[in-house]
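For reference, the structure is listed below as structure tokens.
Numbers restart at 1 for each chain; the letters A, B, ... are given by sequence-line order, proteins then strands.
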There are 2 protein chains.
Amino acid sequence: MGVPQLSRRVLQRLMRYYRFLVEVTAKRPVRTITSGEIAEALEIDATQVRKDLGAIGLIGLGRVGFDVCEICRAIRTTLGFDQRHEAVLIGAGHLGLALLNYPGFATFGLDIVAAFDVDRRKLGRTIGSCRIRSVDTLGSFIRQRRVPLAMITTPAEVAQQVTDLCVANGIKAIWNFSPTQLTVPKRVLVYHEHISLGLSVLAYHMNGRVSPA
Amino acid sequence: MGVPQLSRRVLQRLMRYYRFLVEVTAKRPVRTITSGEIAEALEIDATQVRKDLGAIGLIGLGRVGFDVCEICRAIRTTLGFDQRHEAVLIGAGHLGLALLNYPGFATFGLDIVAAFDVDRRKLGRTIGSCRIRSVDTLGSFIRQRRVPLAMITTPAEVAQQVTDLCVANGIKAIWNFSPTQLTVPKRVLVYHEHISLGLSVLAYHMNGRVSPA
DNA sequence: TAGATTGTTAATCGATTAACAATC
DNA sequence: TAGATTGTTAATCGATTAACAATC
């Protein structure tokens, strides 16, 4: 693998470039774009943009900039959006349903293939393209289908328990939407959507304090 | 205001300390805690913890550590959780409902006082403690009640339009859950919940690449 | 007291930004 | 060609970590 490992920060910037370019080209067809244009729109330094694009093998043209399609393709390949990734979702509450109904994931290769819940009344219902199953069958489902990702939208109290079950059955990564810290072996990646972190910044601001940067 | 301005990063760490301490004390009563204990649990350097706590005026005791109650109180005060902050929520889809039903916000002083939607069939329903109203009344509601925060859970296509309406009526801050960038005057703070950023890190990892840090 | 923990200063590290020759 | 934009190296900046005397 000639590609050097990319830090979270770089990955997230690449995602922002990608999202921006998709949005721009949706409005009007654009063949090329300069690092300066991306930088200005995203409030990032242009040098940073060139470095990031360089890091995934893109080469710009003097006086012209970068080919938009090439950038998009390179980002898709690097981040793996061109691969199909299966996921299960655990906890079919409102948040779970919101994620199940979100059509955008498909664009990124993410395919939620099943949802699980403990509530018997919910079992069998079909949301989006997947059926809600009993959490009793979660372990075997993950193991047999080798599902790499679990999205956890359960209450905080059961999140660790559910996580352990996923880990025991070979999950590779966990997308944690519950407001609690999870403990996992270090081969498993946990990405925690810290919804409360936003609140800290917002509350501070509403108190009349302005946070720099 | 003797308190220096705190960066986003510091604010977010304070939130993490707070959440951790609440969780710990819920399990068993703890009077004091050392920077090292917090650091270990949150995988942060202990010096960092001491600096952050020092920044909000806390003083530890040699050989003992910090008083847990004092830390919590100081964080609540600094971040403004002891103040009541009103918010409106715009877009009563699944995500909107999830947020309306989330009981945790009250702990942080956040009170969602109204929800708005364009769908006439949803109007009048009551979720949690607030009624779903027509988006036609959004502007006057914000203006008359001087609501400082808007949580946007609409589709991306209308997010900017809704934002403009909020801004025109004096909103102070926007919590953006829609997957689109918003433009606002700089007196208004936008906190963007970038759900897709997590996906970039997760997809990269599932592709077999391990992202450092 | 002895020893663990603090607050603070200094050193390190990494990320961001500036500068500029090379390029189209 | 002239001039805008690149890729890359060097400088800056800020955040993190290490070191250690002061403290309880």
Side-chain angles (χ1 to χ4, degrees), chain A residues 2-17 20-21 24 30-71 74-75 197 200-201 210-213, chain B residues 2-17 20-21 24 30-71 74-75 197 200-201 210-213:
Chain A
V3 186
Q5 295 188 341
L6 305 171
S7 71
R8 274 196 184 202
R9 211 165 277 220
V10 174
L11 294 173
Q12 298 189 341
R13 277 199 303 263
L14 290 172
M15 180 57 124
R16 294 188 65 202
Y17 304 156
F20 169 67
L21 293 174
V24 164
V30 181
R31 175 143 289 171
T32 62
I33 197 161
T34 67
S35 60
E37 289 170 306
I38 298 178
E40 196 190 350
L42 270 46
E43 297 182 320
I44 294 178
D45 189 89
T47 307
Q48 187 71 268
V49 175
R50 293 201 292 280
K51 276 202 172 150
D52 291 337
L53 297 182
I56 58 171
L58 289 162
I59 295 166
L61 286 186
R63 242 201 119 187
V64 176
F66 295 80
D67 184 284
V68 173
C69 291
E70 265 183 46
I71 300 181
I75 295 179
L197 295 186
S200 67
V201 176
V210 182
S211 166
Chain B
V3 186
Q5 295 188 343
L6 304 171
S7 70
R8 275 197 184 201
R9 212 165 276 217
V10 174
L11 294 173
Q12 298 190 342
R13 278 199 301 264
L14 289 173
M15 180 57 125
R16 295 188 65 203
Y17 303 157
F20 169 67
L21 292 174
V24 164
V30 181
R31 174 144 288 169
T32 62
I33 197 162
T34 67
S35 60
E37 288 171 306
I38 298 177
E40 196 189 350
L42 270 46
E43 296 181 324
I44 294 179
D45 189 87
T47 307
Q48 189 70 268
V49 175
R50 292 202 293 276
K51 275 202 171 145
D52 291 337
L53 297 182
I56 58 170
L58 289 163
I59 295 168
L61 285 188
R63 241 201 122 187
V64 175
F66 295 81
D67 184 285
V68 174
C69 291
E70 264 184 45
I71 301 181
I75 295 179
L197 295 186
S200 66
V201 176
V210 182
S211 167

- prompt: How close or far is atom C1' of D/dT6 from atom CD1 of A/I59, stated in whole angstroms?
  reply: 11 Å
message: Any side-chain to backbone donor/acceptor pair from B/E37 onto B/T34? Under 3.5 Å, distance only.
response: yes
Return the polar atom pairs (N/O with N/O) between nucleotides 22-24 of chain D and the protein under 3.5 Å, or none.
none

- request: Write down the distance between CD (B/Q5) and P (D/dG14), rounded to a whole number of angstrom.
  value: 14 Å
- prompt: Are any of the side-chain heavy atoms of A/I44 and A/R16 separated by less than 4.5 Å?
  reply: yes
task: Look at all strands and tell whether A/I44 reaches a base, only sugar-phosphate, or nothing, counting heavy atoms closer than 4.0 Å.
output: nothing
- request: Taking all heavy atoms of A/E70 and all of A/L58, pick out the closest pair and write down the distance.
  value: O-CD2, 3.7 Å
task: Search all heavy atoms of A/F66 against all heavy atoms of A/G60 and return the closest pair with its distance.
output: CE2-N, 3.4 Å
task: Quick one: pull up OG in A/S200 and CZ in B/R8 and give me the separation to the nearest 0.5 Å.
output: 9.0 Å
task: Using only side-chain N and O atoms of B/R13, determine if any of them is under 4.0 Å from OP1 or OP2 of D/dT16.
output: yes
Between P of C/dT17 and CD of A/E43, the distance in whole Å: 12 Å
message: Against B/I71, only a single residue in B/V49, B/I33, B/I56 fulfils side chain to side chain contact (heavy atoms under 4.5 Å, CB included); can you say which?
response: B/I33
statement: Atom CZ of A/F66 and atom P of D/dT5 are separated, to the nearest Å, by 12 Å
- prompt: Could you spell out the base pairing of DNA chain C in dot-bracket, with Watson-Crick or G-U pairs whose two distances are under 3.5 Å, [ ] crossing and | to another strand?
  reply: ..||||||||||||||||||||||
query: What is the distance from CG of B/D45 to P of C/dT8, rounded to the nearest Å?
result: 16 Å
query: If every non-hydrogen atom of B/Y17 is compared with every non-hydrogen atom of B/D52, which pair is closest and at what distance?
result: OH-OD2, 2.6 Å
statement: CG of A/L197 to CG of B/L11, rounded to nearest 0.5 Å, is 10.0 Å
field: Residues within residues 46-54 of chain A bordering DNA chain D, heavy-atom distance below 4.0 Å
entry: A/T47, A/R50, A/K51
- line: Taking every heavy atom of A/A46 against every heavy atom of A/S35, the minimum-distance pair comes out as O-CB, 3.8 Å
field: Whole-Å gap separating C1' (D/dG7) and CD1 (A/I56)
entry: 15 Å
query: Between C/dA15 atom C1' and A/Q12 atom CD, what is the distance in whole Å?
result: 15 Å
- prompt: At what distance, to the nearest 0.5 angstrom, does CZ of B/R13 lie from CE of B/M15?
  reply: 14.5 Å
field: For atom CZ of A/R31 and atom P of D/dT5, their distance in whole Å
entry: 18 Å
- prompt: Looking at side-chain heavy atoms only, is the closest gap between B/L6 and B/L14 below 4.5 Å?
  reply: yes
